[in-house]
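Indexing begins at 1, ligand by ligand and atom by atom, following the structure's order. Everything numeric here is computed off the predicted structure, so don't read it as measured data.
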Amino acid sequence: MSQEAKSSACLALADGSVFFGSAFGASGEVTGEVVFNTSMTGYGEILTDPSYCGQIVTMTYPLIGNYGINFEDVESKGPRLRAFVVRELCRAPSNFRSELSLDDYLRKAGIIGLEGIDTRSLVRRLRSQGAVTGVLSTIDLDPQSLIAKAQAAPSIVGQDLVQEVMPAASFSWTEKLGNFATLAPQDSQPTRYHVVAIDYGMKWNILRHLTQVGCRVTVVPGTSTAAEILALQPDGVFLSNGPGDPEPLTYAIRTIRELLGKLPIFGICLGHQLLGLAAGARTYKLKFGHRGANQPVMNLRNSKVEITSQNHGFAIDALTLPANIEVTHRNLNDQTIEGMRLTDQPAFSVQYHPEAAAGPHDSAYLFEEFCSLMDLSAGKSKA
Ligand SMILES: NC(=O)CC[C@H](N)C(=O)O
């Protein structure tokens, strides 16, 4: 029997390439930008990172699912990606913390999974030709039909995907880091600051880190205005990660522009890109993005190399930086901007994920740096 004949799912890319495999999780048909993540572990955090909304995520590590799924290591209410592609699915997880298998988890969440394809071939294609739109289907296995659907589907460029994942209303966050944190949980700081976190699709471990270093956090929807945020009387504002292209998020850029200079600002990933746009820089789309847990980043202020967790397909264009933006971190793989600060206002950001979840904890110091910025601003305002 041919590969196609025994397949139960098909992934077709807009460039005409087709991959037949076996379906797991839910059934149906989805469209999304096909990207890859090179992390060996952390699939529970990857699945629940709202930044993957609109994307079909391929894991390069060949065996996925072997430690199951638990509901402690999640970064949002549930999976937000369009579909999940792996080489080999483990259907019999072995882990005392596992609450259900990856197959059952995705089925309950309505997410389609595809296993048994040559993920190396798919990733080599994405690396050489760039991320591309794809269609994954368990109901239409006709390659030409699926290729046509992929070619007709809208690109992720220009889409506002934040509206799909941001919270409908504000809420308070109190949970600190778990027992696996490098910041000693028992030494967590007493509450020192009130931070308003603008949620564009926020990873919960960012909130756990902010709470751990002594922040009382009010989370507000990504569409909140500067007036609504200032009315909460924060000591600082945090700009979260999130999905899609930063450029069409004009409401967010306007809010940040109105907040600049009024109080300390710290941004991560999408928040970093939005801060750059608000300050006058431009963003652009990377060929295939940075998604993994071992991206080397140089901290230009102390020349230390941080191994970082990353998930982004856009970046700030170094050729468009205004005079008041200083680059503080660079990616050692491709020299792209990984961190910046404004020289004339209390605002800084990083493109990568210092909260890890999953990945290295090298960059947790940035949450303390945000507290120092709030201390500095508080000192100035009392002076
Ligand atoms: N994790 C993020 O915040 C991603 C930012 C943006 N959506 C990008 O892909 O570059």
_Any residue meeting side chain to side chain contact (heavy atoms under 4.5 Å, CB included) with S76, in chain and number order, not counting sequence neighbours_ = T48, P50, R80
*Closest non-hydrogen atom pair between C90 and L63, with its separation*: CB-CD1, 3.9 Å
What are the polar N/O contacts of ligand 1 with the protein below 3.5 Å, with distances?
from, atom 1, to, atom 2, distance (Å)
ligand 1, 1 (N), S51, OG, 3.0
ligand 1, 1 (N), N311, O, 2.8
ligand 1, 1 (N), H353, NE2, 3.2
ligand 1, 3 (O), G242, N, 2.8
ligand 1, 3 (O), G242, O, 3.1
ligand 1, 3 (O), L270, N, 2.9
ligand 1, 7 (N), G242, O, 2.9
ligand 1, 7 (N), G244, N, 3.2
ligand 1, 7 (N), G244, O, 2.7
ligand 1, 9 (O), G313, N, 2.9
ligand 1, 10 (O), Q273, NE2, 2.9
ligand 1, 10 (O), G313, N, 2.9
ligand 1, 10 (O), F314, N, 2.8

*Test side chain to side chain contact (heavy atoms under 4.5 Å, CB included) applied to D362 - qualifying residues, sequence neighbours left out*: E306, I307, P360
_Validation row, ring centre F314 to ring centre Y284 under 6.0 Å_ = no
_Please list all pairs meeting side chain to side chain donor-acceptor pair (under 3.5 Å) that have one or both residues in residues 55-69, counting only residues at least two apart or in different chains._
E33-Q55
*Is the CE atom of M40 crowded by more than 12 outside heavy atoms at less than 6.0 Å?*
no
